[in-house]
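Some notes on the structure that comes next.
Values reported hereafter were calculated over all heavy atoms of this structure, with side chains retained and with hydrogens, waters and symmetry mates removed. Heads up: numbering here begins at 1 and tracks the sequence.
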Amino acid sequence: MVVIAKLKAQAGKAEEVAGILKGLIPKVKNEEGTLVYTLNRSQQDPSVFLFYEKYTGVEALVAHSSTDYFKQAFKALAPLLDGPAAIEMYDEVDAI
């Protein structure tokens, strides 16, 4: 299961958002069932961040989303974002 999460920081808040998002990486690293968790930043608009996430299944995604550190991060992010996160879910078809 693949998840794409796109977030846009409010004007002047991009570095604060980047810090919160980067702080999730070492915590997520130890999650069972999280295979890939990559934070990206747009080259065209540095206020836009994109997570590429890959899980063993929906149970792993639910476990990730239920952690205290995830909930705390998104509580801190809420007033810094320009609208809600755009979340898309995919089934992997093929890969190398």
Decide yes or no on side-chain contact (heavy atoms from CB on, under 4.5 Å) for L39 and L24, but give the supporting numbers first.
CA-CA 10 Å; L39 176 61; L24 285 170; over 6 Å; no
Tell me, with the steps shown, if L81 and F49 meet side-chain contact (heavy atoms from CB on, under 4.5 Å).
CA-CA 11 Å; L81 296 179; F49 298 88; over 6 Å; no
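In the hydrophobic clustering of ILVMFWY residues, with side-chain heavy atoms under 4.5 Å counting as a link, V17 and Y69 come out together. If you chain together hydrophobic residues whose side chains sit under 4.5 Å apart, L35 and V28 never meet in one group. V3 is not connected to Y52 by any chain of hydrophobic side-chain contacts under 4.5 Å among Ile, Leu, Val, Met, Phe, Trp and Tyr, and they are in different clusters.
At least one side-chain heavy atom of L21 sits under 4.5 Å from a side-chain heavy atom of L77.
In plain terms, the two heavy atoms of S42 and Q44 that are nearest each other are OG-N, 3.1 Å. Residues A14 and A9 come closest through the heavy atom pair CA-CB, 3.6 Å. Nearest heavy-atom pair, A60 versus E32, reported as atom, atom and distance to 0.1 Å: CB-O, 4.3 Å. Contact between A5 and E53 at its shortest, heavy atoms only, is CB-OE2, 3.9 Å.
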Exercise answer: donor-acceptor pairs, residues 82-91 side-chain atoms, under 3.5 Å, sequence neighbours excluded:
from : atom 1 : to  : atom 2 : distance (Å)
E88  : OE1    : Y90 : OH     : 2.2

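Atoms CG and CZ, from L50 and R41 in turn, are 13.0 Å apart once rounded to the nearest 0.5 Å. Interatomic distance, M1 CE to L61 CG, rounded to the nearest 0.5 Å: 5.0 Å. The distance from the OG1 atom of T34 to the NZ atom of K29 is 13.0 Å, given to the nearest 0.5 Å. We find the CZ-CD distance between F70 and E31 to be 9.0 Å, quoted to the nearest 0.5 Å.
For E92, the salt bridge (Lys or Arg N to Asp or Glu O under 4.0 Å) test picks out K54, with sequence neighbours left out.
The side chain to side chain donor-acceptor pair (under 3.5 Å) contacts involving residues 2-14 comprise K8-D45, K8-S47, where partners must be two or more places apart or lie in separate chains. Every pair passing ring pair (Phe, Tyr, Trp, His ring centres under 6.0 Å) that includes a residue from residues 24-45 is listed here, sequence neighbours excluded: Y37-F51, Y37-H64.
The hydrophobic cluster of V93 has no other members, since no ILVMFWY side-chain heavy atom comes under 4.5 Å of it. Side-chain contacts under 4.5 Å among hydrophobic residues (ILVMFWY), followed directly or transitively, place I96 with no other residue at all.
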